[in-house]
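No hydrogens, no waters, no symmetry mates; every other heavy atom, side chains included, goes into these values. Keep in mind it's a predicted model, so treat the numbers as computed, not measured.
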Amino acid sequence: MGQIYKALTIAGSDSGGGAGIQADLKTFQMLEVYGMSAITAVTSQNTLGVNGIYDIPLEGIEGQINSVVSDIGVDAVKTGMLSQPAVIELVAEQVIKHKITKLVVDPVMIAKGGASLLADNAQDALRSRLLPLASVVTPNIPEAEVITGMQITSIHDMKEAALRIVQQFGAGAAVVKGGHSSGEPTDVLYDGEQFHLLTASRYETRHTHGTGCTFSAAITAELAKGSSLFDAVQTAKRFITLAIRYELGIGGGHGPTNHWAYWRHGNMKESMES
């Protein structure tokens, strides 16, 4: 088969299959990367909301990471739901210990249905411990507002937030996603040197559960394969746009995106600028 590229997701489990490690592993598979997981919490949820969150003991999280890295190895890692300060501290220690250089941090804070997935006292740990280790951070606009403490209402504000995440908090790069803005969804990538704008068509649908997880997982998969950051973000933008456009229509609430769409409809060009 040639070289097998490998990616690890450190995140929460979504029993409904639309977000968290389930979305990450589906995305890795669609992009031909071998996916592995270290589960930080188990959630009881469906498209209507989160009914329960059950944290995995720290030794269990550490054991999963050590088991995977020591035997199979990883080419890139992404983090998702890290609900408590101690979990963030542990993951940061593991990233340093295992000399992980390709780290994508998706700062998961709030579920699509509104449930909080990051304790208030964990925000400082995220900023001080994990962001400085990140190759790229992928917040949506509300998450970028929490991280930077600024209000974001324009592309100019998105650029400023991305700049702060890199210059103030030490991340290698930042993508501030524009899905929560009005008009066509434009993402702002700041790679540490220059800005890139990536725009795609907007499709009105309630089936957008797991979009952030899927987007960051696609970036992780492409980085694992050796793609440049810009190329990885471009592929991720295309992947998630198709996943939203060709909705599955599952569930009575915020349904999952379509992880098959990239393969089934990937030959159809989407509007995108850089």
| said: Working note: Thr27 + Asp24, criterion side-chain hydrogen bond (donor to acceptor under 3.5 Å, both in side chains); need CA distance, chi angles, decisive distance, verdict. | reply: CA-CA 5 Å; Thr27 303; Asp24 295 341; 5.7 Å; no
| task | Specify the closest pair of heavy atoms between Gly35 and Phe28, including all atoms of both residues, with the distance to one decimal. | result | CA-CD1, 3.5 Å
| Can you check whether Gly178's main-chain N or O pairs, donor with acceptor, with Asp187's side chain at less than 3.5 Å? | yes
| request: Could you check if a side-chain atom of Lys237 sits within less than 4.5 angstrom of a side-chain atom of Thr186, using non-hydrogen atoms only? | output: no
| note | Taken to the nearest 0.5 Å, the spacing of Ile219 CD1 from Thr214 OG1 works out to 11.5 Å
| task | Look up atom CD in Glu143 and atom OG1 in Thr148, then write down how far apart they are to the nearest 0.5 Å. | result | 11.5 Å
| From CA spacing to verdict: side chain to side chain contact (heavy atoms under 4.5 Å, CB included), Thr47, His209 | CA-CA 8 Å; Thr47 68; His209 180 55; 5.9 Å; no
| When rounded to the nearest 0.5 angstrom, what is the spacing between CG in Asn140 and CE in Met158? | 9.5 Å
| Greater than 12 external heavy atoms within 6.0 Å of Tyr34's OH | no
| message | Evaluate Leu242 against Thr257 for side chain to side chain contact (heavy atoms under 4.5 Å, CB included), listing each step before the verdict. | response | CA-CA 9 Å; Leu242 290 165; Thr257 60; over 6 Å; no
| request: Classify the ring geometry between Tyr190 and Phe195 as parallel (under 30°), tilted (30 to 60°) or perpendicular (over 60°). | output: tilted
| Which pair of non-hydrogen atoms, one from Gly210 and one from Ala19, has the smallest distance, and what is that distance? | CA-CB, 3.7 Å
| field | CD (Gln194) with more than 12 external heavy atoms under 6.0 Å | value | yes
| said: Please say yes or no: joined through hydrophobic side-chain contacts below 4.5 Å, possibly via intermediate residues, are Leu82 and Val69 part of one cluster? | reply: yes
| Quick one: does Val146's side chain get under 4.5 Å of Gln123's, heavy atoms only? | yes
| said: Minimum heavy-atom separation for Ser70 and Ser67, please, with both atom names. | reply: OG-O, 3.4 Å
| Salt-bridge present (Glu89, Arg129; N to O < 4.0 Å) | yes
| request: Measure the OG-CD1 distance between Ser13 and Ile53 for me, rounded to the nearest 0.5 Å. | output: 12.0 Å
| request: Would you mind reporting whether Met36 and Lys6 have side-chain heavy atoms less than 4.5 Å apart? | output: yes
| task | Taking the side chain as every heavy atom from C-beta outward, state whether Val91 and Gln94 have any atom pair closer than 4.5 Å. | result | no
| said: In the structure I gave you, are the side-chain heavy atoms of Thr43 and Met81 within less than 4.5 Å of one another anywhere? | reply: yes
| request: For the pair Ser15 (side chain) and Gln45 (backbone), establish whether a donor and an acceptor sit closer than 3.5 Å, ignoring hydrogens and angles. | output: yes
| Going through the distances and angles, do Leu58 and Val87 end up as a side chain to side chain contact (heavy atoms under 4.5 Å, CB included)? | CA-CA 7 Å; Leu58 292 177; Val87 176; 3.9 Å; yes
| Least distance between heavy atoms, Ala144 atom then Ile152 atom | CB-CD1, 3.6 Å
| task | Kindly give the heavy-atom pair with the smallest separation between Thr79 and Val105, and that separation in Å. | result | OG1-CA, 3.5 Å
| request: Please check if the side chain of Ser228 supplies one atom and the backbone of Asp231 the other of a donor-acceptor pair under 3.5 Å. | output: yes
| task | Kindly say whether Ser227 contributes a backbone atom to a donor-acceptor pair with the side chain of Glu222 at under 3.5 angstrom? | result | no
| task | Kindly compute the distance separating CD1 (Ile141) from CD (Glu145), expressed to the nearest 0.5 Å. | result | 7.0 Å
| Sidechain-backbone polar pair: Lys26 side chain, Ile21 backbone, donor-acceptor under 3.5 Å | no
| Just by distance, with hydrogens left out, do Ser135 and Lys102 show a side-chain donor and acceptor under 3.5 Å apart? | no
| Hphob cluster co-occupancy, Tyr5 + Val233, side-chain heavy atoms under 4.5 angstrom | no
| task | For residues Glu62 and Asn66, determine if any side-chain heavy atom of one lies less than 4.5 Å from a side-chain heavy atom of the other. | result | yes
| said: Ignoring hydrogens and geometry beyond distance, is a side-chain donor-acceptor pair present between Thr153 and Asp157 at under 3.5 Å? | reply: yes
| query | Between Thr205 and Glu247, does any side-chain donor sit less than 3.5 Å from a side-chain acceptor? | reply | yes
| query | Could you go step by step and tell me if Phe230 and Asp191 meet the side chain to side chain contact (heavy atoms under 4.5 Å, CB included) rule? | reply | CA-CA 8 Å; Phe230 177 72; Asp191 62 11; over 6 Å; no
| said: Please say yes or no: joined through hydrophobic side-chain contacts below 4.5 Å, possibly via intermediate residues, are Leu248 and Leu25 part of one cluster? | reply: no
| query | Do Ile39 and Gln64 have side-chain heavy atoms sitting under 4.5 Å apart? | reply | yes
| message | I'd like to know if the side chain of Arg245 and the backbone of Tyr203 have a donor-acceptor N/O pair within less than 3.5 Å. | response | no
| request: Identify the two heavy atoms, one from Ala38 and one from Leu8, that lie closest to each other, and give their separation to 0.1 Å. | output: N-CD1, 3.8 Å
| Between Gln234 and Leu198, is any pair of side-chain heavy atoms under 4.5 Å apart? | yes
| query | When rounded to the nearest 0.5 angstrom, what distance separates CG in Leu103 from CD1 in Ile100? | reply | 7.0 Å
| Side-chain (Gln22) to main-chain (Asp14) donor-acceptor, under 3.5 angstrom | yes
| Shared hydrophobic cluster, Val33 / Met30 (ILVMFWY, side-chain heavy atoms < 4.5 Å) | no
| message | Taking Trp260's backbone N and O only, do any of them form a donor-acceptor pair with Asn258's side chain (distance below 3.5 Å, no angle check)? | response | yes
| Between Asp55 and Ser83, a side-chain donor and acceptor under 3.5 Å | yes
